[in-house]
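A short write-up of the structure that comes next.
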Amino acid sequence: MLVSNKTIQKKAEQRRYGVGAFNVYDMESVQSVVRAAELERSPAIIATSEGAISYAGHEFLAELIELATRKKKVQFTMHLDHGQDMDIIRKCLKLGYTSVMIDASKYDFKKNIRITRQVVQLAHKKGVSVEAELGTIGGVEDSVSARKILLTEPEDAKEFVAHTGCDTLAVAIGTSHGAYKFAGSSRLDIMRLRQIKKTVKVPLVLHGASGIPDWIVKKAKLFGAVLGKPHGVSDKDIRAAISGGISKINIDSDLRLTFDATIREVLKKRPEIFDPRKILGPARDAMTDMVRYKMRLFGSSGKTR
Ligand code: G3H
Ligand code: 13P
Ligand code: ZN
(Lines give C-alpha, C1' and ligand atoms only; values in the text may rest on other atoms or scores of the structure.)
(Ligands and ions follow the chains in the order given, each with its own letter.)
Protein backbone atom coordinates (compact mmCIF):
# COMPACT_ATOMS: atom_id res chain seq x y z
CA MET A 1 0.00 0.00 0.00
CA LEU A 2 1.33 3.45 -0.94
CA VAL A 3 0.82 6.32 1.52
CA SER A 4 2.57 9.68 2.02
CA ASN A 5 5.62 10.47 4.11
CA LYS A 6 3.46 12.72 6.27
CA THR A 7 1.25 9.74 7.16
CA ILE A 8 4.16 7.38 7.78
CA GLN A 9 6.17 9.92 9.78
CA LYS A 10 3.28 11.14 11.93
CA LYS A 11 2.67 7.58 13.06
CA ALA A 12 6.39 7.04 13.63
CA GLU A 13 6.54 10.21 15.75
CA GLN A 14 3.65 9.12 17.91
CA ARG A 15 5.20 5.70 18.45
CA ARG A 16 8.76 7.04 18.72
CA TYR A 17 10.56 5.16 16.01
CA GLY A 18 12.23 6.12 12.73
CA VAL A 19 11.30 5.02 9.23
CA GLY A 20 14.07 4.26 6.77
CA ALA A 21 14.12 5.95 3.36
CA PHE A 22 16.12 3.69 1.08
CA ASN A 23 17.42 4.82 -2.30
CA VAL A 24 16.63 2.51 -5.22
CA TYR A 25 17.78 2.35 -8.83
CA ASP A 26 16.73 -0.98 -10.29
CA MET A 27 14.75 -4.18 -9.78
CA GLU A 28 17.20 -5.61 -7.23
CA SER A 29 17.19 -2.58 -4.95
CA VAL A 30 13.39 -2.16 -5.14
CA GLN A 31 12.82 -5.83 -4.33
CA SER A 32 15.30 -5.70 -1.45
CA VAL A 33 13.44 -2.88 0.28
CA VAL A 34 10.01 -4.40 -0.30
CA ARG A 35 11.08 -7.87 0.79
CA ALA A 36 12.77 -6.54 3.93
CA ALA A 37 9.67 -4.51 4.82
CA GLU A 38 7.45 -7.57 4.45
CA LEU A 39 9.76 -9.77 6.50
CA GLU A 40 10.07 -7.16 9.25
CA ARG A 41 6.45 -5.98 9.00
CA SER A 42 7.86 -2.47 8.78
CA PRO A 43 6.88 0.63 6.82
CA ALA A 44 9.47 1.84 4.30
CA ILE A 45 10.07 4.90 2.17
CA ILE A 46 11.24 4.02 -1.34
CA ALA A 47 13.36 6.92 -2.53
CA THR A 48 14.34 7.78 -6.08
CA SER A 49 16.86 10.55 -6.71
CA GLU A 50 16.96 12.53 -9.94
CA GLY A 51 20.11 10.52 -10.74
CA ALA A 52 18.24 7.22 -10.29
CA ILE A 53 15.38 8.53 -12.44
CA SER A 54 17.73 9.43 -15.25
CA TYR A 55 19.48 6.03 -14.96
CA ALA A 56 16.38 3.80 -14.95
CA GLY A 57 13.81 6.02 -16.66
CA HIS A 58 11.09 7.79 -14.70
CA GLU A 59 8.08 5.79 -15.91
CA PHE A 60 9.97 2.53 -15.55
CA LEU A 61 11.04 3.21 -11.97
CA ALA A 62 7.59 4.43 -10.91
CA GLU A 63 5.87 1.40 -12.47
CA LEU A 64 8.40 -0.92 -10.85
CA ILE A 65 7.75 0.54 -7.40
CA GLU A 66 3.99 0.56 -7.91
CA LEU A 67 4.05 -3.08 -9.00
CA ALA A 68 6.39 -4.18 -6.21
CA THR A 69 4.29 -2.55 -3.48
CA ARG A 70 0.82 -3.35 -4.87
CA LYS A 71 -1.45 -5.27 -2.49
CA LYS A 72 1.22 -5.40 0.23
CA LYS A 73 0.03 -5.13 3.82
CA VAL A 74 2.82 -2.86 5.03
CA GLN A 75 2.90 0.84 4.18
CA PHE A 76 5.29 2.26 1.58
CA THR A 77 5.96 5.68 0.13
CA MET A 78 7.01 6.40 -3.43
CA HIS A 79 9.23 9.38 -2.77
CA LEU A 80 11.34 11.81 -4.81
CA ASP A 81 14.67 12.39 -3.06
CA HIS A 82 16.40 15.80 -3.43
CA GLY A 83 14.11 17.11 -6.15
CA GLN A 84 15.54 20.20 -7.78
CA ASP A 85 13.99 20.19 -11.25
CA MET A 86 10.38 21.44 -11.44
CA ASP A 87 9.69 19.32 -14.53
CA ILE A 88 10.70 16.16 -12.64
CA ILE A 89 8.56 17.19 -9.67
CA ARG A 90 5.55 17.76 -11.95
CA LYS A 91 6.13 14.37 -13.56
CA CYS A 92 6.29 12.68 -10.13
CA LEU A 93 2.85 14.11 -9.39
CA LYS A 94 1.55 12.58 -12.63
CA LEU A 95 3.22 9.22 -12.07
CA GLY A 96 1.66 8.56 -8.67
CA TYR A 97 4.43 9.53 -6.27
CA THR A 98 3.01 9.97 -2.78
CA SER A 99 5.79 12.26 -1.52
CA VAL A 100 8.29 14.63 -3.06
CA MET A 101 11.28 16.41 -1.62
CA ILE A 102 12.12 19.87 -2.89
CA ASP A 103 15.75 20.62 -2.15
CA ALA A 104 16.28 24.33 -2.64
CA SER A 105 18.73 24.46 0.26
CA LYS A 106 21.54 25.75 -1.96
CA TYR A 107 19.65 29.05 -2.37
CA ASP A 108 19.33 31.81 0.19
CA PHE A 109 16.58 31.63 2.80
CA LYS A 110 14.04 33.73 0.86
CA LYS A 111 14.54 31.91 -2.42
CA ASN A 112 14.36 28.53 -0.65
CA ILE A 113 11.02 29.62 0.86
CA ARG A 114 9.70 30.85 -2.50
CA ILE A 115 10.58 27.65 -4.41
CA THR A 116 9.43 25.35 -1.61
CA ARG A 117 6.09 27.13 -1.33
CA GLN A 118 5.53 26.76 -5.06
CA VAL A 119 6.07 22.98 -4.79
CA VAL A 120 3.83 22.72 -1.73
CA GLN A 121 0.99 24.44 -3.63
CA LEU A 122 1.38 22.06 -6.59
CA ALA A 123 1.75 18.88 -4.53
CA HIS A 124 -1.00 19.54 -2.02
CA LYS A 125 -3.54 19.79 -4.85
CA LYS A 126 -2.83 16.11 -5.42
CA GLY A 127 -2.62 15.13 -1.76
CA VAL A 128 1.14 14.54 -2.04
CA SER A 129 3.28 15.50 0.95
CA VAL A 130 6.37 17.68 0.64
CA GLU A 131 9.73 17.41 2.36
CA ALA A 132 11.92 20.52 2.28
CA GLU A 133 15.48 21.13 3.42
CA LEU A 134 16.94 23.95 5.47
CA GLY A 135 20.66 24.14 6.13
CA THR A 136 23.04 22.05 4.07
CA ILE A 137 23.99 18.43 4.24
CA GLY A 138 27.52 18.08 2.93
CA GLY A 139 29.11 15.53 0.67
CA VAL A 140 28.97 14.91 -3.04
CA GLU A 141 26.98 12.37 -5.01
CA ASP A 142 25.86 12.38 -8.64
CA SER A 143 23.45 15.25 -8.56
CA VAL A 144 23.45 16.27 -4.93
CA SER A 145 26.34 18.29 -3.64
CA ALA A 146 27.13 20.86 -1.02
CA ARG A 147 30.64 22.00 -0.31
CA LYS A 148 30.03 23.93 2.88
CA ILE A 149 27.89 22.55 5.70
CA LEU A 150 25.52 25.08 7.30
CA LEU A 151 23.69 23.67 10.30
CA THR A 152 19.97 24.43 10.67
CA GLU A 153 19.06 27.27 13.05
CA PRO A 154 15.95 26.46 15.15
CA GLU A 155 14.34 29.91 14.77
CA ASP A 156 14.90 29.87 10.99
CA ALA A 157 13.33 26.43 10.85
CA LYS A 158 10.21 27.72 12.58
CA GLU A 159 9.88 30.65 10.17
CA PHE A 160 10.63 28.42 7.17
CA VAL A 161 7.90 25.90 8.03
CA ALA A 162 5.37 28.67 8.73
CA HIS A 163 6.05 30.39 5.39
CA THR A 164 6.27 27.32 3.18
CA GLY A 165 3.65 24.96 4.61
CA CYS A 166 6.01 22.01 4.05
CA ASP A 167 4.89 18.74 5.64
CA THR A 168 8.26 17.47 6.83
CA LEU A 169 11.67 19.09 7.19
CA ALA A 170 15.20 17.81 6.55
CA VAL A 171 17.60 19.37 9.03
CA ALA A 172 21.36 19.71 8.98
CA ILE A 173 22.89 18.56 12.26
CA GLY A 174 26.31 17.42 11.09
CA THR A 175 25.78 14.55 8.66
CA SER A 176 26.85 14.48 5.03
CA HIS A 177 26.17 12.29 2.03
CA GLY A 178 28.44 9.47 0.92
CA ALA A 179 30.92 7.26 2.74
CA TYR A 180 33.28 9.93 4.07
CA LYS A 181 31.21 11.76 6.64
CA PHE A 182 33.63 12.30 9.50
CA ALA A 183 37.41 12.46 9.76
CA GLY A 184 37.19 10.41 12.97
CA SER A 185 34.23 9.13 14.89
CA SER A 186 30.59 10.04 14.32
CA ARG A 187 29.38 13.33 15.83
CA LEU A 188 25.87 14.81 15.55
CA ASP A 189 24.54 18.02 17.09
CA ILE A 190 21.77 16.42 19.13
CA MET A 191 21.28 19.55 21.29
CA ARG A 192 20.50 21.53 18.15
CA LEU A 193 18.13 18.80 16.99
CA ARG A 194 16.25 18.93 20.30
CA GLN A 195 15.92 22.71 20.01
CA ILE A 196 14.61 22.42 16.44
CA LYS A 197 12.14 19.79 17.57
CA LYS A 198 10.85 22.13 20.28
CA THR A 199 10.28 25.01 17.87
CA VAL A 200 9.00 23.14 14.81
CA LYS A 201 5.80 21.10 14.67
CA VAL A 202 6.40 19.05 11.49
CA PRO A 203 8.20 15.66 11.46
CA LEU A 204 11.97 15.87 10.91
CA VAL A 205 14.29 14.04 8.52
CA LEU A 206 17.94 12.99 8.77
CA HIS A 207 19.87 12.75 5.50
CA GLY A 208 23.32 11.27 5.17
CA ALA A 209 22.56 8.67 7.83
CA SER A 210 24.47 5.62 6.55
CA GLY A 211 26.57 3.84 9.16
CA ILE A 212 29.33 2.67 6.79
CA PRO A 213 29.96 -0.38 9.01
CA ASP A 214 33.59 -1.47 9.27
CA TRP A 215 32.81 -5.04 8.33
CA ILE A 216 31.33 -4.12 4.98
CA VAL A 217 34.20 -1.74 4.19
CA LYS A 218 36.68 -4.50 5.07
CA LYS A 219 34.83 -6.98 2.89
CA ALA A 220 34.72 -4.61 -0.08
CA LYS A 221 38.44 -3.88 0.32
CA LEU A 222 39.29 -7.57 0.70
CA PHE A 223 37.72 -8.26 -2.68
CA GLY A 224 39.38 -5.35 -4.44
CA ALA A 225 37.51 -2.11 -3.68
CA VAL A 226 39.70 0.95 -3.40
CA LEU A 227 38.37 2.98 -0.50
CA GLY A 228 40.09 5.50 1.75
CA LYS A 229 39.01 5.76 5.37
CA PRO A 230 35.24 5.98 5.27
CA HIS A 231 33.25 6.84 8.41
CA GLY A 232 29.49 6.89 8.92
CA VAL A 233 26.95 7.69 11.60
CA SER A 234 27.20 5.26 14.53
CA ASP A 235 24.19 3.21 15.59
CA LYS A 236 24.34 5.00 18.94
CA ASP A 237 23.98 8.39 17.22
CA ILE A 238 21.11 7.10 15.10
CA ARG A 239 19.27 6.08 18.30
CA ALA A 240 20.01 9.50 19.82
CA ALA A 241 18.70 11.23 16.68
CA ILE A 242 15.46 9.23 16.83
CA SER A 243 14.96 10.06 20.49
CA GLY A 244 15.78 13.70 19.65
CA GLY A 245 12.90 13.86 17.17
CA ILE A 246 14.00 12.39 13.82
CA SER A 247 11.36 10.17 12.20
CA LYS A 248 12.78 9.60 8.66
CA ILE A 249 16.29 8.32 8.15
CA ASN A 250 17.89 8.34 4.69
CA ILE A 251 20.10 5.45 3.67
CA ASP A 252 21.83 5.09 0.32
CA SER A 253 25.58 4.54 0.77
CA ASP A 254 25.19 1.48 3.04
CA LEU A 255 23.19 -0.26 0.31
CA ARG A 256 25.69 0.77 -2.37
CA LEU A 257 28.55 -0.64 -0.31
CA THR A 258 26.64 -3.83 0.43
CA PHE A 259 25.93 -4.32 -3.26
CA ASP A 260 29.53 -3.59 -4.21
CA ALA A 261 31.13 -5.85 -1.58
CA THR A 262 28.83 -8.76 -2.44
CA ILE A 263 29.30 -8.54 -6.21
CA ARG A 264 33.07 -8.34 -5.75
CA GLU A 265 33.03 -11.38 -3.45
CA VAL A 266 30.95 -13.47 -5.85
CA LEU A 267 33.11 -12.61 -8.86
CA LYS A 268 36.33 -13.24 -6.98
CA LYS A 269 35.27 -16.52 -5.36
CA ARG A 270 33.45 -17.91 -8.37
CA PRO A 271 35.27 -16.65 -11.46
CA GLU A 272 33.65 -19.35 -13.58
CA ILE A 273 30.11 -17.94 -13.34
CA PHE A 274 28.71 -15.47 -15.82
CA ASP A 275 24.97 -15.76 -15.27
CA PRO A 276 23.84 -12.28 -14.09
CA ARG A 277 21.24 -13.87 -11.82
CA LYS A 278 23.95 -15.72 -9.91
CA ILE A 279 25.86 -12.46 -9.48
CA LEU A 280 22.98 -10.08 -8.76
CA GLY A 281 20.93 -12.53 -6.67
CA PRO A 282 23.39 -12.66 -3.74
CA ALA A 283 23.69 -8.86 -3.85
CA ARG A 284 19.90 -8.56 -3.64
CA ASP A 285 19.87 -10.91 -0.62
CA ALA A 286 22.67 -8.97 1.09
CA MET A 287 20.85 -5.65 0.54
CA THR A 288 17.67 -7.19 1.99
CA ASP A 289 19.62 -8.15 5.13
CA MET A 290 21.08 -4.64 5.39
CA VAL A 291 17.62 -3.05 5.11
CA ARG A 292 16.27 -5.46 7.75
CA TYR A 293 19.12 -4.50 10.07
CA LYS A 294 18.25 -0.81 9.65
CA MET A 295 14.55 -1.42 10.32
CA ARG A 296 15.41 -3.07 13.61
CA LEU A 297 17.86 -0.31 14.51
CA PHE A 298 15.30 2.39 13.73
CA GLY A 299 12.62 0.59 15.73
CA SER A 300 10.20 0.41 12.77
CA SER A 301 10.23 -3.39 12.62
CA GLY A 302 6.93 -4.88 13.76
CA LYS A 303 9.00 -7.76 15.11
CA THR A 304 10.81 -5.61 17.66
CA ARG A 305 8.02 -3.18 18.49
O1 G3H B 1 21.20 12.03 -1.21
C2 G3H B 1 21.43 11.60 -2.32
C3 G3H B 1 21.26 10.20 -2.67
O4 G3H B 1 22.21 9.41 -2.02
C5 G3H B 1 21.20 9.99 -4.15
O6 G3H B 1 22.41 10.12 -4.77
O7 G3H B 1 22.14 11.57 -6.81
O8 G3H B 1 23.91 9.78 -6.66
O9 G3H B 1 21.53 9.15 -6.93
P10 G3H B 1 22.50 10.16 -6.40
P1 13P C 1 23.93 8.34 2.79
O2 13P C 1 24.92 8.75 1.73
O3 13P C 1 24.48 8.54 4.16
O4 13P C 1 23.42 6.98 2.59
O5 13P C 1 22.68 9.36 2.68
C6 13P C 1 21.67 9.13 1.76
C7 13P C 1 20.73 10.28 1.65
O8 13P C 1 20.70 11.21 2.44
C9 13P C 1 19.79 10.25 0.53
O10 13P C 1 19.00 11.40 0.45
ZN1 ZN D 1 20.02 13.16 1.10
Side-chain angles (χ1 to χ4, degrees), residues 5 9 18-26 29-30 32-33 44-58 61 65 77-85 88-89 92 97 99-106 130-147 149-150 152 168-182 186-188 204-213 216-217 220 227-228 230-235 237-238 241 246-261 287 290-291 293-295 297-298:
N5 280 2
Q9 284 185 253
V19 180
F22 303 98
N23 285 81
V24 299
Y25 325 91
D26 56 8
S29 48
V30 171
S32 305
V33 178
I45 293 164
I46 304 180
T48 65
S49 68
E50 291 185 350
I53 285 167
S54 109
Y55 172 75
H58 209 165
L61 210 46
I65 295 167
T77 304
M78 197 194 311
H79 174 70
L80 173 69
D81 190 29
H82 292 285
Q84 304 196 35
D85 179 333
I88 293 182
I89 292 173
C92 285
Y97 277 62
S99 287
V100 292
M101 174 184 185
I102 168 67
D103 180 358
S105 61
K106 65 182 175 197
V130 178
E131 174 182 332
E133 179 175 322
L134 185 63
T136 55
I137 292 136
V140 180
E141 284 173 2
D142 283 0
S143 54
V144 183
S145 70
R147 256 173 253 121
I149 301 183
L150 295 169
T152 308
T168 60
L169 183 68
V171 293
I173 54 165
T175 59
S176 56
H177 292 108
Y180 305 92
K181 300 180 192 300
F182 307 100
S186 156
R187 216 151 18 105
L188 302 189
L204 303 179
V205 180
L206 185 67
H207 281 249
S210 277
I212 321 292
I216 200 82
V217 172
L227 296 164
H231 287 287
V233 182
S234 67
D235 286 1
D237 279 352
I238 290 290
I246 292 288
S247 54
K248 170 173 176 274
I249 301 154
N250 284 24
I251 302 290
D252 187 355
S253 300
D254 281 343
L255 295 183
R256 294 183 187 201
L257 273 173
T258 302
F259 180 89
D260 179 78
M287 287 192 290
M290 180 57 86
V291 175
Y293 177 81
K294 297 291 176 188
M295 288 167 166
L297 172 65
F298 303 161

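Every value quoted in this text rests on a predicted model; they were computed, and no experiment measured them. Indexing begins at 1, ligand by ligand and atom by atom, following the structure's order.
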Approximate separation, where rounding is to 0.5 Å, of [X] [atom1] and [Y] [atom2]:
{"X": "T48", "Y": "Y97", "atom1": "OG1", "atom2": "OH", "answer": "3.0 Å"}
{"X": "E133", "Y": "K106", "atom1": "CD", "atom2": "NZ", "answer": "11.0 Å"}
{"X": "K248", "Y": "L169", "atom1": "NZ", "atom2": "CG", "answer": "11.0 Å"}
{"X": "M78", "Y": "I45", "atom1": "CE", "atom2": "CD1", "answer": "13.5 Å"}
{"X": "T136", "Y": "H207", "atom1": "OG1", "atom2": "NE2", "answer": "12.5 Å"}

Is the closest side-chain heavy-atom distance between D81 and D252 below 4.5 Å? no
I want to check something: taking the side chain as every heavy atom from C-beta on, are L255 and N23 in contact at a cut-off of under 4.5 Å? no
Proximal ligand 1 atoms for [X], defined as those under 4.0 Å from one of its heavy atoms:
{"X": "H82", "result": "1 (O), 2 (C)"}
{"X": "H177", "result": "1 (O), 2 (C)"}
{"X": "N23", "result": "3 (C), 5 (C)"}
{"X": "D252", "result": "3 (C), 4 (O), 5 (C), 6 (O)"}

Which atom names give the shortest non-hydrogen contact between [X] and [Y], and what distance separates them?
{"X": "L61", "Y": "D26", "result": "CD1-N, 4.4 Å"}
{"X": "F182", "Y": "G174", "result": "CE2-O, 3.6 Å"}
{"X": "V33", "Y": "M295", "result": "O-CE, 4.3 Å"}
{"X": "L188", "Y": "A241", "result": "CD1-CB, 4.4 Å"}

Looking only at distances, can you tell me whether any N or O atom of [X], backbone or side chain, sits closer than 3.5 Å to an N or O atom of ligand 2?
{"X": "N23", "value": "no"}
{"X": "S176", "value": "no"}
{"X": "G178", "value": "yes"}
{"X": "K181", "value": "yes"}

Only heavy atoms of [X], strictly under 4.0 Å: list the atoms of ligand 2 that pass.
{"X": "S210", "answer": "1 (P), 3 (O), 4 (O)"}
{"X": "S253", "answer": "1 (P), 2 (O), 4 (O)"}
{"X": "H207", "answer": "8 (O), 10 (O)"}
{"X": "D81", "answer": "9 (C), 10 (O)"}
{"X": "H82", "answer": "10 (O)"}
{"X": "I251", "answer": "4 (O)"}
{"X": "H177", "answer": "2 (O), 5 (O), 6 (C), 7 (C), 8 (O), 10 (O)"}

Classify the contact between E50 and ligand 1 as side chain, backbone, both or neither, using a heavy-atom distance cut-off of under 4.0 Å. neither
D81 contact mode with ligand 1 (heavy-atom cut-off under 4.0 Å): side chain
Geometric N/O contact Y25 with ligand 1, under 3.5 angstrom: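 No; every N/O pair is 3.5 Å or more apart.
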Quick one: report the N, O or S atom of [X] that is nearest to the Zn ion (ligand 3).
{"X": "H177", "result": "NE2"}
{"X": "H207", "result": "ND1"}
{"X": "H82", "result": "NE2"}

Heavy-atom contact check, 4.0 Å cutoff: does R256 meet ligand 1? yes
Any chance you could lay out the salt bridge (Lys or Arg N to Asp or Glu O under 4.0 Å) test for D260 and R256, step after step, and finish with the verdict? CA-CA 6 Å; D260 179 78; R256 294 183 187 201; over 6 Å; no
Qualifying residue, where the test is side-chain contact (heavy atoms from CB on, under 4.5 Å) with S186 and the options are D237, I212, T175: D237
Counting heavy atoms under 4.0 Å, the part of A47 that contacts ligand 2 is neither
Does a side chain donor of either N5 or T168 reach within less than 3.5 Å of an acceptor in the other side chain?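 No, no side-chain donor-acceptor pair sits under 3.5 Å.
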Among S253, G51, A21, S49, whose heavy atom sits nearest atom 9 (O) of ligand 1?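 The option holding the nearest heavy atom is S49.
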